[in-house]
Amino acid sequence: MIHGIKGVKDLLPEEAARWQVIEAAARRLSTLYDYREIRVPIFEVTELFARSIGASTDIVEKEMYTFQDRDGSSLTLRPEATAGVVRAYIEHNLGASPTAQKFFYLGPMFRHERPQAGRLRQFHQYGVEAFGSVSPWADVEVISLLWRFLSELHLPGLTLEINSLGNAADRPVYKEALLDFLKGREKTLCQNCQRRMGTNPLRVLDCKVPTCRTATEEAPKLTDHLSPQSRQHFQEVIGGLDALGIPYLLNPRLVRGLDYYTLTTFEVTSQHLGAQNAVGAGGRYDGLVETLGGPKTPAIGFAVGMERIALMLPASTLPSPGKMVFVAAFGQKGVPAGMQILHELRSLGVQSDSDYRALTLKAHLRQADRLGAAFVLIVGDDEAEKGQVILRDMASKEQHELPLSAAAHSVATRLLPA
RNA sequence: GUGGGUGUAGCUCAAGGGUAGAGCGCCUGACUGUGGCUCAGGAGGUUGCGGGUUCGAAACCCGUCACUCACCCCA
């Protein structure tokens with residue numbers, strides 16, 4: 001038997017219904033905030049991701065699905081969507097538009113990691129990107145949209161954490177200061193952190209090992225090393241969140257894994273997930289458009305993991321299924337008559353079904369019950385000959401006869417809102 | 001890439017060397033043209049796969065594959 005690829009899952013109809021709720025909320029709220037949908041390819045030239053995400057990040061070093069095209073060029077299944085959106089923004093010269101360019105996207109991403117709870121090799125993200133504004137209010141808007149989206153889905157136990165990484169000039173200065181501090185206590189750090197000192201010292205702050213946490217208790221804080229401009233930007237973002245009543249936690253240890261982030265970074269976590277507890281995250285990336293060959297353009301965005309949201313989505317947010325009509329058609333003359341009614345019902349916009357395998361009335365009614373039909377139209381040979389059908393209300397068991405020609409219309413007016 | 005856990009009926013799980021079981025689901029009948037509920041009956045298994053130990057293996061050993069959780073890292 002051929003089975004699916006490790007870490008790549010099928011969404012069966014029952015679960016797809018949950019996803020539709022999530023996707024509908026994403027589209028509705030994005031539109032409400034005046035973000036427009038953008039659809040970019042799920043694969044791009046490898047270099048795009050290497051340049052944007054950062055050549056020395058885990059994603060680029062060991063997690064990308066990269067393959068050779070027939071002409072020998074290297075292509076990669078997108079591990080995230082920001083790079084592709086920025087590429088499209090530059091390629092179509094969207095920055096030339098007089099209005100701010102704000103986009104949202106929805107779709108699959110690919111990373112070759114060992115699967116675990118809330119982490120798959122093909123996973124799905126909803127995200128937004130806002131180009132063109134340096135204003136802290138752009139940061140606030142993006143965070144506000146993220147928070148509203150998660151709130152409207154009634155996800156439990158959420159925490160919003162926020163930090164500033166400073167601008168491109170601030171970071172090297174801080175990195176230096178942090179390294180000086182860490183060198184003094186290298187021995188007390190875990191193996192991982194000793195390695196991180198060489199690769200990405202900022203991540204040492206993010207370590208969960210208790211001894212590392214205490215060792216870095218006194219570490220210089222990123223927020224203390226911000227330039228006045230960076231500091232002011234951060235203060236204004238915080239002030240904006242306060243003004244809108246969005247609850248947050250300042251976390252000076254919050255460091256993000258992608259190289260392109262600058263200034264504001266944020267992350268929403270939940271206590272109701274496993275070890276992979278980040279529901280959504282994002283930040284500002286003022287240098288990325290320029291890095292990829294576009295005009296100097298400030299930008300900010302977020303991405304949320306749909307699988308992680310689906311894991312937490314309470315049953316109460318799921319809509320109840322619509323009422324459907326089942327046509328129980330059997331016998332030489334009953335079947336054609338029933339199929340005619342089924343066709344009419346569907347033409348009138350009534351959700352309806354039949355079962356071509358069922359040969360007896362009993363079998364039909366059992367199927368109707370399983371499908372949760374509100375009404376059943378019974379058409380056997382007797383009814384077909386009389387030109388009548390029986391309408392059965394499944395809940396009350398009440399039945400009455402209708403003329404065959406008027407049956408579909410009669411049921412439609414009964415079910416559809418006037 | 002590393003480590004732990006688990007693989008038995010369609011599903012959830014028992015049986016821990018001696019005849020493979022339960023609940024749910026499915027099928028049939030009671031009800032020959034009326035669903036659910038009840039009752040009676042029935043079908044369904046190379047115990048993931050390959051080897052080994054043993055008179056005898058679902059169980060013990062080795063290998064392998066799959067799933068799963070965690071590390072790294074991330075949404």
Side-chain angles (χ1 to χ4, degrees), chain A residues 1 3-9 22 53-54 56-64 78-82 105-127 146 150 190-193 195-196 199-200 203 206-209 254-258 266-270 273-283 301-312 326 328-331 334 355 358-384 390-399:
Chain A
M1 187 183 85
H3 56 267
I5 299 164
K6 182 197 285 289
V8 177
K9 286 209 170 168
I22 299 167
I53 296 167
S56 66
T57 58
D58 276 19
I59 293 177
V60 171
E61 273 185 349
K62 51 187 191 191
E63 294 174 3
M64 294 204 303
R78 64 182 187 191
E80 54 106 48
T82 300
Y105 61 83
L106 233 32
M109 311 293 160
F110 306 85
R111 293 182 198 172
H112 189 102
E113 300 181 273
R114 287 288 289 268
Q116 75 189 72
R119 185 163 73 191
L120 296 171
R121 289 185 174 178
Q122 175 177 331
F123 62 105
H124 299 76
Q125 289 185 334
Y126 152 54
L146 170 60
L150 298 172
C190 70
Q191 287 284 316
N192 264 322
C193 282
R195 183 181 52 78
R196 284 179 180 127
T199 55
N200 191 348
R203 296 219 64 92
D206 214 21
C207 187
K208 291 157 201 153
V209 176
L254 179 66
V255 170
R256 305 230 42 80
L258 285 63
F266 51 91
E267 180 172 271
V268 177
T269 55
S270 169
L273 290 170
Q276 307 306 320
N277 64 354
V279 178
F302 70 70
V304 303
M306 310 257 293
E307 279 79 4
R308 293 181 187 179
I309 290 172
L311 281 175
M312 290 190 291
F326 189 92
F330 55 101
D355 186 341
L359 299 177
T360 63
L361 179 54
K362 191 187 197 67
H364 273 109
L365 284 171
R366 191 162 43 221
Q367 287 303 77
D369 187 50
R370 285 200 258 241
L371 292 172
F375 295 97
V376 174
L377 283 168
I378 299 172
V379 201
D381 285 343
D382 297 354
E383 289 76 18
I390 298 171
L391 175 64
R392 177 178 178 85
D393 182 322
M394 290 297 274
S396 68
K397 294 179 162 184
E398 283 171 32
Q399 297 189 171

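Just so you know, these numbers come straight off a predicted model, no measurement behind them. Only heavy atoms go into these numbers, but all of them, side chains included; no hydrogens, no water, no symmetry mates. So that the names make sense, note that chain A is the first sequence line, chain B the second, and so on, each numbered from 1.
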Discussion item. If you compare every side-chain N and O of Arg366(A) against the phosphate oxygens of rU28(B) (OP1, OP2), does one of them come in below 4.0 Å?
Written reply: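 Indeed, a polar side-chain atom of Arg366(A) lies that close.
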Worksheet item: Do the side-chain N or O atoms of Lys362(A) get closer than 4.0 angstrom to the phosphate oxygens (OP1, OP2) of rG33(B)?
Response: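 No, no such contact exists.
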Practice prompt. Name all stems that contain residues of RNA chain B, defined as runs of 3 or more consecutive Watson-Crick or G-U wobble pairs, both distances under 3.5 Å.
Written response: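 Stems (3+ consecutive pairs) listed as B:1-7 with B:65-71, B:10-13 with B:21-24, B:26-30 with B:38-42, B:48-52 with B:60-64.
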Worksheet item: Which heavy-atom pair separates Ala81(A) from Met109(A) by the least distance, and what is that distance?
Response: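 Of all heavy-atom pairs spanning Ala81(A) and Met109(A), the closest is CB-CE, 3.4 Å.
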Item to complete: Mind listing the closest non-hydrogen atom pair of Arg121(A) and Val8(A) along with its distance?
Response: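 In this case the closest contact between Arg121(A) and Val8(A) is CB-CG2, 4.3 Å.
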When rounded to the nearest Å, what value does the distance between [atom1] atoms of [N] and [M] take?
N	M	atom1	answer
rU8(B)	rA66(B)	C1'	15 Å
rU2(B)	rA75(B)	P	24 Å
rC61(B)	rG5(B)	P	12 Å

Fill in: Check against side-chain contact (heavy atoms from CB on, under 4.5 Å), Leu365(A) and Met394(A)
CA-CA 9 Å; Leu365(A) 284 171; Met394(A) 290 297 274; 4.2 Å; yes
I'd like to know if the side chain of [X] and the backbone of [Y] have a donor-acceptor N/O pair within less than 3.5 Å.
X	Y	answer
Arg392(A)	Val376(A)	no
Arg111(A)	Ile59(A)	no
Glu307(A)	His124(A)	yes
Arg78(A)	Pro108(A)	yes

Worksheet item: Rounded to whole angstroms, how far apart are CG on Asp381(A) and C1' on rG33(B)?
Response: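 Answer to the nearest Å: 11 Å.
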Worksheet item: Given atom CG of Leu359(A) and atom P of rU32(B), what is their separation to the nearest angstrom?
Response: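 Taking atom P of rU32(B) as the reference, CG of Leu359(A) is at 17 Å.
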Item to complete: Would you indicate what Glu61(A) reaches in the nucleic acid, counting non-hydrogen atoms under 4.0 angstrom: base, sugar-phosphate, or nothing?
Response: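 The residue Glu61(A) makes no contact with any strand.
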Worksheet item: Can you check side-chain contact (heavy atoms from CB on, under 4.5 Å) on Asp369(A) and Phe326(A), steps first, answer last?
Response: CA-CA 9 Å; Asp369(A) 187 50; Phe326(A) 189 92; over 6 Å; no
Worksheet, complete the sentence: Per-nt protein contacts along nucleotides 68-75 of chain B (heavy atom under 4.0 Å; B base, S backbone sugar-phosphate only, - none) come out as SSBBBBBB
Discussion item. One character per nucleotide, please: for nucleotides 38-47 of chain B, 5' to 3', B when the base has a protein heavy atom closer than 4.0 Å, S when only the sugar-phosphate does, - otherwise.
Written reply: ----------
Worksheet item: Since syn is defined as within 90° of 0, does rG16(B) count as syn or as anti?
Response: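 Syn conformation for rG16(B).
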Item to complete: Anything under 30° is parallel, anything over 60° is perpendicular, the rest tilted; go ahead and classify Tyr126(A) against Phe302(A).
Response: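 Rings of Tyr126(A) and Phe302(A): perpendicular, over 60°.
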Worksheet item: For Ile53(A) and Thr82(A), what are the C-alpha separation, side-chain angles and deciding distance, and is it a side-chain contact (heavy atoms from CB on, under 4.5 Å)?
Response: CA-CA 9 Å; Ile53(A) 296 167; Thr82(A) 300; over 6 Å; no
Discussion item. Within this structure, what is the NZ-CZ distance for the pair Lys6(A) and Arg114(A), rounded to the nearest 0.5 Å?
Written reply: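 Between Lys6(A) NZ and Arg114(A) CZ, I get 6.0 Å after rounding to 0.5 Å.
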Discussion item. Nearest heavy atom decides the nucleotide; on that basis, is His112(A) or Phe330(A) closer to the 5' end of RNA chain B?
Written reply: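 Closer to the 5' end of RNA chain B: His112(A).
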